[in-house]
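Worksheet for the structure shown next.
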Amino acid sequence: MDSSSNQPKESSQSPSQEGSSQQELRAIRIDKVSQLREHGVNPYPTSFDVTHHTQAIHEAGDSMIAEPVEEGQRVRIAGRVMTRRIMGKAAFFNLQDATGVLQVYIRRDDLPEGQFNEVFKKLTDIGDIVGIEGFVFRTKMGELTVHALHFEMLSKAVRTIPIAKEVEQEDGQKVVYDAFSDKELRYRQRYVDLIVNPDVREVFRKRTQMVQVMREFMNQREYLEVETPILQPVYGGASARPFVTHHNTLNMDLYLRIANELYLKRLIVGGFDGVYEFSKDFRNEGLSRFHNPEFTQVELYVAYKDYNWMMEFTEEMIEAVAIALHGSPKVQTKAGVIDFTRPWTRIPMLSAIAEAVGQDVSTMDDAALAALAKSKGVSVEADDSRATVLDELFGELIEPGLIQPTFITDYPVEMSPLAKRHPDNPALVERFEAICNGKEIANAFSELNDPLDQRERFEEQVRQRAAGNEEAMQIDEDFLRALEYGMPPTAGLGVGIDRLAMIMTDSESIRDVLFFPQMRPE
RNA sequence: GAACCGGUAGCUCAGCUGGUAGAGCAACUGGCUUUUAACCAGUUGGUCGUGGGUUCGAGCCCCACCCGGUUCACCA
């Protein structure tokens with residue numbers, strides 16, 4: 001492992017690389033596992049019949065309390081012990097299950113001989129998973145509580161969980177003390193983060209709900225959810241550097257997909273009218289608050305439609321997401337309220353730039369355009385194409401200011417090798433991006449289905465690659481062959497699920513909407 | 001890849017001008033049958049990210065490296 005291998009070997013009972021204090025805490029808990037067995041208690045039994053979740057009991061509230069209370073309905077709940085308050089012959093503890101937290105009251109005299117003192121008081125810790133059966137009542141202080149008549153250890157934890165204490169102040173504000181907040185530990189040990197930070201669980205529930213709403217939205221329109229290859233012999237559909245892997249038996253390199261666009265369009269050629277896929281894509285680029293090497297997009301292709309139709313589809317679907325998650329198309333974020341109410345503003349890219357710089361750039365020659373960019377503080381390289389300069393201008397001057405969802409339309413053809421040319425201006429394509437909170441959340445176009453034009457566009461990409469653009473596309477001969485069989489006019493859409501989840505959950509980093517963000521090894 | 005900020009007990013954090021490291025919670029022992037940051041009394045717990053250096057003496061100063069965060073560059 002490392003150069004310290006001449007040290008005495010650590011016992012398998014105590015993981016290395018940990019402080020002695022933590023090892024002591026762990027050793028004490030492991031000893032408790034043995035003690036439980038000595039008391040005839042299985043620390044890891046196989047099952048427990050749960051009748052109620054804590055949330056259901058909270059919702060039922062006083063209707064679950066009988067008169068007298070001990071004759072109330074028996075409830076069986078299971079979960080993790082989060083706090084303990086022991087008072088000699090009785091105790092309270094908070095039990096957390098998948099739905100919430102509920103207080104439990106437990107007394108020595110309600111349990112079999114010795115169970116309270118030996119098993120509960122001495123051998124049960126915060127973090128253990130237990131099951132109880134009892135009846136519901138309210139304490140003197142009015143807190144809904146289950147009075148336990150039966151107690152079972154369900155899983156003994158041998159590591160301590162970081163305890164946060166929550167206090168409700170007189171004004172009703174909740175203050176959390178000692179919250180588990182170290183971002184590195186939270187990302188590396190997400191399971192602990194999820195145990196102790198309820199807000200984190202809520203973020204991921206919202207993310208899942210968001211995907212479900214979108215899936216249902218597309219299913220209702222009878223688009224087919226499909227699966228296409230992640231391991232691709234030729235990568236394409238986006239401008240990015242790929243991950244490379246190797247298949248031993250075939251003895252060939254394969255690429256992890258950077259997009260699934262070209263496969264989904266093959267399926268449109270095959271005769272499906274609408275296909276979509278929630279797709280993990282992989283791009284071998286830097287990491288940041290907005291970039292993880294693997295990320296999720298949904299891509300959708302619909303035959304006989306164009307990008308105008310797709311704009312309406314997009315704003316309708318995302319408005320539906322906002323309403324499902326927040327009960328309203330208006331979403332509160334740190335950047336202010338974002339209002340997804342359709343229709344969203346639509347601005348052609350060149351008009352947006354003209355408005356920002358106060359001049360019409362469409363009639364400007366390349367040199368004048370480059371000079372303009374420099375005068376606006378936008379850095380341009382000598383060999384940048386006209387399209388690149390326009391993209392830079394847009395990205396620097398306009399995009400960051402677009403907080404409310406906005407469609408930017410009609411991009412230069414050089415940047416969009418898979419999009420159909422605009423009928424009014426062959427230098428542009430029928431493409432839009434949806435910008436929200438200063439970031440692209442969706443990208444779509446009327447798909448190029450002219451196989452000869454598509455071949456020329458690929459060949460231009462090859463020239464760009466030869467000129468040093470590592471992100472330029474490869475020629476996909478099989479895709480061209482598919483187009484030659486004829487693809488109907490088609491509208492295509494990609495929505496960045498992580499980016500949208502960040503907005504919908506008001507998260508500042510993509511790591512906060514990924515369970516397991518990419519990290520360097522510990 | 002660059003700049004800035006950070007890394008001290010299991011968790012959250014103090015630690016002054018360099019003088020042998022502290023609190024709360026957790027844990028351990030005892031007490032307490034409606035508590036709720038439960039409480040009361042006592043106890044334990046540290047490779048101060050790692051490795052060098054300066055110094056009589058380093059958590060603190062210097063250098064290198066590791067990990068994380070943020071910003072920038074690239075991108076979705």
Side-chain angles (χ1 to χ4, degrees), chain A residues 2-4 17-29 31-32 69 82-94 101 103-110 116 121-122 125-127 137-143 145 147 159-169 174-189 192 196 238-241 258-259 281-297 379 391-392 395 433-435 439-443 469-471 494-500 502 508-511 517 519-522:
Chain A
D2 59 34
S3 57
S4 65
Q17 302 180 337
E18 287 175 357
S20 62
S21 173
Q22 182 169 15
Q23 287 185 27
E24 282 168 27
L25 293 172
R26 186 167 171 274
I28 289 166
R29 297 265 189 128
D31 184 56
K32 287 178 178 180
V69 289
M82 299 303 285
T83 65
R84 296 203 313 158
R85 294 176 288 281
I86 293 175
M87 301 156 299
K89 299 179 184 65
F92 289 90
F93 63 93
N94 287 355
V101 178
Q103 181 170 262
V104 176
Y105 178 57
I106 187 165
R107 294 194 304 199
R108 185 192 67 181
D109 296 345
D110 294 327
F116 182 79
K121 272 172 74 175
K122 284 196 181 154
D125 289 293
I126 289 172
F137 76 110
R138 271 190 200 280
T139 65
K140 275 193 218 166
M141 298 302 290
E143 181 159 347
T145 303
H147 184 136
R159 282 180 189 261
T160 57
I161 59 170
I163 306 302
K165 301 239 174 176
E166 191 181 78
V167 188
E168 196 166 346
Q169 296 182 324
K174 285 186 176 173
V175 181
V176 178
Y177 294 83
D178 299 342
F180 181 59
S181 58
D182 184 294
K183 284 189 176 178
E184 181 172 0
L185 286 175
R186 288 182 47 220
Y187 296 147
R188 289 192 192 279
Q189 301 186 39
V192 177
V196 301
S239 299
R241 286 149 67 196
I258 59 172
D281 294 339
F282 306 84
R283 298 190 184 174
N284 206 340
E285 287 159 357
L287 289 76
S288 82
R289 197 154 73 86
F290 297 100
H291 301 86
N292 195 66
E294 55 182 286
F295 67 102
T296 306
Q297 284 197 97
S379 63
D391 191 43
E392 287 285 326
E433 290 190 359
I435 313 291
K439 288 279 169 187
E440 176 191 335
I441 57 169
N443 179 24
N469 180 358
E470 286 185 79
E471 295 177 350
V495 179
I497 296 296
D498 313 282
R499 294 276 176 87
L500 189 58
M502 286 172 65
E508 290 177 348
S509 170
I510 194 169
R511 299 179 195 98
M519 302 283 276
R520 286 193 165 84
E522 284 182 65

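Chain naming here is simple, since letters A, B, ... match the order of the sequence lines and numbering starts at 1 in each.
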For the student: nearest non-hydrogen atoms of [X] and [Y], plus distance:
{"X": "A/Ser288", "Y": "A/Ile510", "result": "O-CG2, 3.8 Å"}
{"X": "A/Ile163", "Y": "A/Met82", "result": "CD1-O, 4.4 Å"}
{"X": "A/Ile258", "Y": "A/Ala238", "result": "CD1-O, 3.3 Å"}
{"X": "A/Asp498", "Y": "A/Thr296", "result": "OD2-N, 2.8 Å"}

Any base atoms under 4.0 Å from [X], or only sugar-phosphate, or nothing? Heavy atoms, all strands.
{"X": "A/Glu471", "value": "sugar-phosphate"}
{"X": "A/Asp281", "value": "nothing"}
{"X": "A/Lys122", "value": "nothing"}
{"X": "A/Arg107", "value": "base"}
{"X": "A/Tyr187", "value": "sugar-phosphate"}
{"X": "A/Arg511", "value": "sugar-phosphate"}
{"X": "A/Asp31", "value": "nothing"}
{"X": "A/Phe180", "value": "sugar-phosphate"}
{"X": "A/Arg289", "value": "sugar-phosphate"}
{"X": "A/Ala179", "value": "sugar-phosphate"}

*Complementary nucleotide of B/rC4, counting Watson-Crick and G-U pairs under 3.5 Å*: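 Matched B/rC4 with B/rG69 under the 3.5 Å cut-off.
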_My understanding is that a pair needs two contacts under 3.5 Å, Watson-Crick or G-U wobble. By that rule, which nucleotide pairs with B/rU12?_
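With both distances under 3.5 Å, B/rU12 matches B/rA23.
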Could you tell me the separation between the [atom1] atom of [X] and the [atom2] atom of [N], rounded to a whole number of Å?
{"X": "A/Ile106", "N": "B/rU35", "atom1": "CD1", "atom2": "C1'", "answer": "14 Å"}
{"X": "A/Leu287", "N": "B/rU70", "atom1": "CG", "atom2": "P", "answer": "11 Å"}
{"X": "A/Ile126", "N": "B/rU36", "atom1": "CD1", "atom2": "P", "answer": "15 Å"}
{"X": "A/Lys89", "N": "B/rG31", "atom1": "NZ", "atom2": "C1'", "answer": "9 Å"}
{"X": "A/Met82", "N": "B/rC11", "atom1": "CE", "atom2": "C1'", "answer": "12 Å"}
{"X": "A/Met519", "N": "B/rC66", "atom1": "CE", "atom2": "C1'", "answer": "13 Å"}
{"X": "A/Asn292", "N": "B/rA76", "atom1": "CG", "atom2": "C1'", "answer": "11 Å"}

What nucleotide among [options] has an atom nearest to a side-chain atom of [X]?
{"X": "A/Leu25", "options": "B/rG10, B/rU36, B/rU33", "answer": "B/rG10"}
{"X": "A/Met141", "options": "B/rU34, B/rU35, B/rA27", "answer": "B/rU35"}
{"X": "A/Arg188", "options": "B/rU34, B/rG10, B/rG68", "answer": "B/rG68"}
{"X": "A/Glu184", "options": "B/rC11, B/rG68, B/rU34", "answer": "B/rG68"}
{"X": "A/Lys183", "options": "B/rG45, B/rG69, B/rU12", "answer": "B/rG69"}
{"X": "A/Arg499", "options": "B/rG10, B/rC28, B/rA76", "answer": "B/rA76"}
{"X": "A/Ile28", "options": "B/rA27, B/rU70, B/rU35", "answer": "B/rA27"}

Would you measure the distance from the [atom1] atom in [N] across to the matching atom in [M] and give it in whole Å?
{"N": "B/rG7", "M": "B/rC11", "atom1": "P", "value": "14 Å"}
{"N": "B/rG49", "M": "B/rC13", "atom1": "P", "value": "15 Å"}
{"N": "B/rG22", "M": "B/rC56", "atom1": "P", "value": "26 Å"}
{"N": "B/rA41", "M": "B/rC25", "atom1": "P", "value": "11 Å"}
{"N": "B/rG19", "M": "B/rA58", "atom1": "C1'", "value": "10 Å"}
{"N": "B/rC63", "M": "B/rU17", "atom1": "C1'", "value": "23 Å"}
{"N": "B/rG45", "M": "B/rC62", "atom1": "C1'", "value": "33 Å"}
{"N": "B/rC60", "M": "B/rC16", "atom1": "P", "value": "11 Å"}

*Sequence neighbours excluded, which residues qualify as ring-ring contact (aromatic ring centres under 6.0 Å, His included) partners of A/Tyr187?*
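A/Tyr187 satisfies ring-ring contact (aromatic ring centres under 6.0 Å, His included) with no other residue.
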Quick test: give all pairs of protein nitrogen or oxygen and nucleotides 37-44 of chain B nitrogen or oxygen below 3.5 Å, distance rounded to 0.1 Å.
from: B/rA38; atom 1: OP1; to: A/Lys165; atom 2: NZ; distance (Å): 2.4
from: B/rA38; atom 1: OP2; to: A/Arg85; atom 2: NH1; distance (Å): 3.2
from: B/rA38; atom 1: N6; to: A/Ile86; atom 2: O; distance (Å): 2.4

Under the rule for side chain to side chain donor-acceptor pair (under 3.5 Å), what residues qualify as partners of [X], not counting sequence neighbours?
{"X": "A/Glu184", "result": "A/Arg188"}
{"X": "A/Arg138", "result": "A/Asp62"}
{"X": "A/Gln103", "result": "A/Arg85, A/Thr145"}
{"X": "A/Arg29", "result": "A/Asp125"}

Short side-chain N/O contact from [X] to OP1 or OP2 of [N], under 4.0 Å:
{"X": "A/Lys121", "N": "B/rU29", "result": "no"}
{"X": "A/Arg29", "N": "B/rA27", "result": "no"}
{"X": "A/Ser21", "N": "B/rG46", "result": "no"}

*For the base of B/rU35, is there a side-chain donor-acceptor partner from A/Thr139 under 3.5 Å away?*
yes
*Ignoring hydrogens and angles, answer whether the base of B/rU35 and the side-chain atoms of A/Glu143 contain a donor-acceptor pair closer than 3.5 Å.*
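Check fails, no donor-acceptor contact within cut-off.
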*Could you go through the side-chain contact (heavy atoms from CB on, under 4.5 Å) check for A/Val192 and A/Arg159 one step at a time?*
CA-CA 11 Å; A/Val192 177; A/Arg159 282 180 189 261; over 6 Å; no
